[in-house]
Amino acid sequence: GDSVTQMEGPVTLSEEAFLTINCTYTATGYPSLFWYVQYPGEGLQLLLKATKADDKGSNKGFEATYRKETTSFHLEKGSVQVSDSAVYFCALSLYNFNKFYFGSGTKLNVKP
Amino acid sequence: DTAVSQTPKYLVTQMGNDKSIKCEQNLGHDTMYWYKQDSKKFLKIMFSYNNKELIINETVPNRFSPKSPDKAHLNLHINSLELGDSAVYFCASSRSQKEGTEAFFGQGTRLTVV
């Protein structure tokens with residue numbers, strides 16, 4: 001079935017370190033891919049998205065490229081800040097399926 | 001203006017009680033969802049509604065009954081609450097599934113059953 005797998009956390013980094021959070025997916029069709037971020041006590045917010053192969057989504061210094069050949073959508077940021085500490089979710093949706101599939105979430109802790 | 005709002009934000013209740021959570025969106029979306037987030041942050045879809053019609057019911061116990069009086073509202077009523085129902089419940093909305101359309105989430109309702 002359709003699913004998303006992302007690396008387990010927590011991930012602990014020092015400020016200004018490079019971040020990668022891995023995400024791979026399984027889908028029966030051609031999904032749209034998303035990264036959401038959840039700050040403590042809040043709902044999920046869209047961070048970035050990509051709708052077709054080789055698309056790159058970017059926002060607030062975060063980037064992810066839709067790789068169809070490896071069915072991946074890894075999240076990267078060149079220099080993390082303490083304020084990036086949150087839980088990050090990879091997700092996919094399929095056209096006309098009225099459903100979003102989420103990964104298990106990866107908690108990021110950034111230390112000063 | 002809050003795009004997706006749900007009330008209450010916190011709900012503490014005893015086992016066996018019946019409670020409701022309300023959700024409203026002002027984005028003009030025609031699809032709404034309920035998701036349950038457990039203590040490990042895992043998000044599981046419960047229900048999906050499109051134009052007030054139930055589209056997805058992910059083997060949720062009958063004690064959970066969603067109601068959509070109109071496209072902008074999707075409420076969740078829970079009967080005979082159990083300890084295992086303790087979780088954060090998120091309402092979300094999106095346009096009808098077009099390529100790349102994202103879901104917008106409410107702030108969540110933290111339900112604690114004691």
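Reckoned from all heavy atoms, side chains included, excluding hydrogens, waters and symmetry mates. So that the names make sense, note that chain A is the first sequence line, chain B the second, and so on, each numbered from 1.
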* To do: To the nearest 0.5 Å, tell me how far Ser104(A) OG sits from Lys40(B) NZ.
  => 10.5 Å

* Can you check whether Phe100(A) and Tyr33(B) have ring centres sitting under 6.0 Å from each other? -> yes

* To do: Report the option among Gln6(B), Lys9(B), Glu58(B) that has the most heavy-atom pairs separated by less than 4.5 Å from atoms of chain A.
  => Glu58(B)

* Which is it for Phe42(B) and Phe102(A) under the ring-ring contact (aromatic ring centres under 6.0 Å, His included) test, yes or no, and what are the steps along the way? -> CA-CA 8 Å; Phe42(B) 186 72; Phe102(A) 285 88; 9.2 Å; no

* Given a strict heavy-atom distance threshold of 4.5 Å, which part of Gln37(B) is in contact with chain A: side chain, backbone, both, or neither? -> side chain

* Inter-chain contacts: residues 35-47 of chain A against chain B, heavy atoms under 4.5 Å -> Tyr36(A), Gln38(A), Gly41(A), Glu42(A), Gly43(A), Leu44(A), Leu46(A)

* **Leu74(B) reachable from Phe104(B) in the ILVMFWY side-chain graph, under 4.5 Å edges** => no

* Asked: Transitively linked via ILVMFWY side-chain contacts under 4.5 Å: Leu75(A) with Met7(A)?
  -> yes

* Give a yes or no on whether Tyr35(B) and Met46(B) share a hydrophobic cluster (residues Ile, Leu, Val, Met, Phe, Trp, Tyr; joining criterion: side-chain heavy atoms under 4.5 Å apart). => no

* **Part of Tyr49(B) within contact of chain A (heavy atom distance under 4.5 Å)** => neither

* Side chain / backbone / both / neither for Lys44(B) at chain A, heavy atoms under 4.5 Å -> neither

* Is there a chain of hydrophobic side chains (I, L, V, M, F, W, Y, each step under 4.5 Å between heavy atoms) that links Val12(B) to Tyr10(B)? -> no

* To do: Is it possible for you to say whether Phe89(A) and Phe90(B) belong to one hydrophobic cluster, with membership spreading through side-chain heavy-atom contacts below 4.5 Å?
  => yes

* To do: Please check if atom CG in Asp70(B) has more than 12 non-hydrogen atoms from other residues, nucleotides or ligands closer than 6.0 Å.
  => yes

* To do: Could you tell me whether Glu69(A) atom CD has more than 12 heavy atoms of other residues or ligands within 6.0 Å of it?
  => yes

* Asked: Rounded to the nearest 0.5 Å, how far does CG of Leu48(A) lie from CD of Glu102(B)?
  -> 11.0 Å

* Asked: If you look at every heavy atom in Thr101(B) and Phe34(A), which pair is closest and at what distance?
  -> O-CZ, 3.4 Å

